[in-house]
Amino acid sequence: MSKNKSHGQELLEKLSYKAHNAWNKISDKEVENTFSFCEEYKDFLNKSKTEREFVKQAKKIIEKNGFISIDDIISSNKKLKQGMKVYRIIKNKSMILAVIGSNPPQKGLNLLGAHIDSPRLDLKPNPIYESSDMVFLKTHYYGGIKKYQWVTIPLAIHGIFIKKDGTSVEVEIGEDEKDTVFTITDLLPHLAQEQMQKKMSEGITGEGLNILFGSMPFNDEKVSDKVKLNILNLLNQKYGIVEEDFQSAEIEFVPSFKAQDVGLDRSMVGAYGQDDRVCAYTALRSIIDLKEIEKTAVCFLADKEEIGSMGNTGAQSTILENFIADICNLSTDNYTDILLRRCITNSKMLSADVNAAIDPNYEGVYDKLNSSFAGRGIVLQKYTGARGKAGASDANAEFVAEVRNLFNNNKIVWQTAELGKVDQGGGGTIAQFMANMGMDVIDCGVAVLSMHAPFEVTSKVDIYMTYKGYKVFLEKI
Ligand code: MN
Ligand code: MN
């Protein structure tokens, strides 16, 4: 082939940078692996529509794969040994896993950090009201949503009530085909003249996101709000709860539809909550599939990223640092603070989060030279932020070079991107919080179309490439 190339063609190949479509870069066998990996991914997504459900499903899988609770090791006064696999679950909503390597912790850890919360509609503490012979539930949306996308779609209820006596009851309705579903109504076009003149951000309001929950009255002339009473009665019969129990509950409404293939060639996955469960799942799978490693590998699956990572399940808390301190302490007989600090400083992390894939319907907001494309492999994002990189975690060139070489040497198809054009908007991930601790961090994950919509789309080859990229990072960086 190269014999027929002109001098200019040869130079071009040698000197210029070009991202490649990953489908063209993988073998037939790998195409097969890609499709079967994504079958398991879709199945996992369908069972993990909230952070609590993610933790629950992940726990089942990791325990089957030999992971044990780090707190059991602590309480039995044992130490960590090379090859051991441990985990901690925090408040049922976050989790951290580790596979112990042959190196001592002061040499640093290799980490992946993803988030397992997604935009959705949370119930307000006192949500139920009756109006025009129907019952509605008031919501407060969680994370950045375009509100108009959440009306007139089937919604499922997921969550947990903690009752007066301290016992809990879990609720999940709307996932089985035979289940009932819930929805938010919208105005018919015939009467929407005024609404349609409004800005899209105002056409549907936050206070207007009220979920239709029932319409059948309790048959008793002597009570008012008969439909509400009937609903309360049904809830009591089924779950043993009373209205006050909504005060101590976490109830989330999410799209009820299932993860499905998209495209005639079935090359993409469409599903709710792929930001960031596509990276969380691939990170989870990569740490599960690790064999012998030198540096201890850690996978942090955080809650609350979509609302700023605050709180005791979020990435701004000390939960990761505490876990690393436990790893250090359980790896030596002489734990000191400086051991923990050295461990963190020498650590390297991929902040496993999604990037906005270029959307040809809205090309104007992207810089094509610096955007991710669905199908071109795992995305490296050197910095996030907005308006002059404000609030960005900007990875050091030396670390970017390390990751780039690692991917090139291991046939990981990768691309780079920032999020949209300069001054078009922007966003952040958990990368900044770990970078502030002193470790090297870069954002790295899957390109997503329709991010934060009820039905987000990803490319299957990117999902598989991301799994492979994460795994090689844990093994070899
Ligand atoms: Mn995200
Ligand atoms: Mn997000």
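Atoms within each ligand, like the ligands themselves, are counted from 1 in listed order.
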**Prompt:** Using a distance threshold of 2.8 Å, what protein N/O/S atoms lie below it relative to the Mn ion (ligand 1)?
**Reply:** His115 NE2, Asp275 OD1, Asp353 OD1, Asp353 OD2
**Request:** Report yes if the side chains of Glu475 and Leu290 come closer than 4.5 Å at any heavy-atom pair, otherwise no.
**Result:** yes
**Request:** Mark yes when over 12 heavy atoms from residues, nucleotides or ligands other than Phe455 sit less than 6.0 Å from its CZ; otherwise mark no.
**Result:** yes
**Asked** Near Lys107 NZ, under 6.0 Å, is it more than 12 heavy atoms from other residues, nucleotides or ligands?
**Response** no
**Plane angle bin for Phe44 and Tyr281 - parallel if under 30°, tilted between 30 and 60°, otherwise perpendicular** = tilted
**Asked** Would you find a donor on one side and an acceptor on the other, under 3.5 Å apart, between the side chain of Asn329 and the backbone of Ala325?
**Response** no
**Prompt:** Is there side-chain contact between Met95 and Ile90, with heavy atoms separated by less than 4.5 Å?
**Reply:** no
